[in-house]
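Heavy-atom basis, side chains included; hydrogens, waters and symmetry copies ignored.
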Amino acid sequence: MRHETVDLIFDAAIEVFAESGFDQAKMDDIVKAAGVAKGTIYYHFKSKEELFVGLMNEGVQKLIDRARRNMELHASPTDQLLGLVENQIRFYVQNGKLAKLLLSEAFGTKTRQLQFRIKIGEYLQLIEKVIDEGNRIGEFRVRHVPEAASAIFGAASVVVLQKLYSMDELDPARIERDIPPMIETVRHMVMCGMKDSSWR
């Protein structure tokens with residue numbers, strides 16, 4: 001899915017879906033925006049639904065790949081978890097239109113919901129792995145690991161989406177200034193929960 005032509009199609013699809021929404025978006029508009037032949041897009045994707053699912057999977061996979069690389073930079077579970085939070089927030093900010101699509105349009109058809117849950121499940125497993133290791137060595141005190149992982153993912157997602165949706169037009173300079181307080185807030189909330197003995 002990393003072929004240059006597919007990347008062009010995905011970039012165009014993000015713009016068209018973000019502008020029109022999934023239901024109103026037309027494959028012809030994506031073809032035009034991508035600058036490819038109509039047959040080319042249908043060679044890779046049989047329908048608008050299949051294109052959106054592919055786009056969604058590609059987007060989450062990029063988040064997962066970045067998270068894995070980030071985890072390799074840190075030794076302790078605490079630093080890994082803090083890195084995951086920062087990485088997710090920065091990824092959403094840097095891919096604002098994609099982030100809004102993933103978390104607003106992904107709950108459409110049953111196929112879309114299933115694919116989204118599978119891919120997000122892969123990301124949540126990374127968070128769970130870090131929490132499990134933190135519990136094992138005594139850095140964390142978390143009783144409900146899957147629920148904690150979901151809460152961390154949700155907090156990092158919503159804090160960015162709230163900022164994105166509060167703007168009529170995306171203001172890169174403004175949102176860039178807001179990154180540090182978003183990271184600090186979610187990190188503080190997460191670490192308070194990870195080390196709270198009342199979770200046991």
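- Using a 4.0 Å cut-off between charged nitrogen and carboxylate oxygen, Lys119 and Glu122 count as a salt-bridge pair.
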Pair Leu98-Leu55, side-chain contact (heavy atoms from CB on, under 4.5 Å): steps then yes or no: CA-CA 9 Å; Leu98 174 62; Leu55 172 64; 4.3 Å; yes
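- For CD of Glu184, the number of neighbouring non-hydrogen atoms (other residues, nucleotides, ligands) closer than 6.0 Å is 12 at most.
- The aromatic rings of Phe153 and Tyr92 sit perpendicular to each other, their planes meeting at more than 60°, with 30° as the lower class boundary.
- Without hydrogens or angle criteria, Gln80 side chain to Met71 main chain gives a donor-acceptor distance under 3.5 Å.
- No donor-acceptor distance shorter than 3.5 angstrom exists from the side chain of Lys38 to the backbone of Val31, with no hydrogens or angles considered.
- More than 12 heavy atoms of other residues, nucleotides or ligands shown are found within 6.0 angstrom of OH on Tyr42.
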Applying side-chain contact (heavy atoms from CB on, under 4.5 Å), run through Ile152 and Leu84 and close with a yes or a no. CA-CA 9 Å; Ile152 293 167; Leu84 282 171; over 6 Å; no
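- A single hydrophobic cluster is not seen to contain both Leu8 and Val53; linkage of ILVMFWY side chains at heavy-atom distances under 4.5 Å, directly or through other members, places them apart.
- Of the possible polar contacts, none joining the Asn87 side chain to the Gly83 backbone as a donor-acceptor pair under 3.5 Å is found.
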Mind running side-chain contact (heavy atoms from CB on, under 4.5 Å) on Met191 and Phe140 for me, showing each step along the way? CA-CA 9 Å; Met191 295 317 301; Phe140 302 150; 3.8 Å; yes
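- Taking hydrophobic clusters as Ile, Leu, Val, Met, Phe, Trp and Tyr residues chained together by side-chain heavy-atom distances below 4.5 Å, Val130 does not share a cluster with Leu73.
- Checking side-chain atoms of Glu133 against main-chain N and O of Pro77 turns up no donor-acceptor pair under 3.5 Å.
- A continuous path of Ile, Leu, Val, Met, Phe, Trp and Tyr side chains, each step under 4.5 Å between heavy atoms, connects Tyr165 with Val93, placing both in one hydrophobic cluster.
- Side-chain atoms of Lys48 come within 3.5 Å of backbone N or O of Phe22 as a donor-acceptor pair.
- Other residues, nucleotides and ligands contribute only 12 or fewer heavy atoms inside 6.0 Å of the CD atom of Glu19.
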Please test Asp7 against Glu58 for side-chain contact (heavy atoms from CB on, under 4.5 Å), starting from the C-alpha separation and ending with a verdict. CA-CA 10 Å; Asp7 288 341; Glu58 177 78 357; 4.3 Å; yes
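- Using a 4.5 Å heavy-atom threshold, the side chains of Arg68 and Asp65 count as touching.
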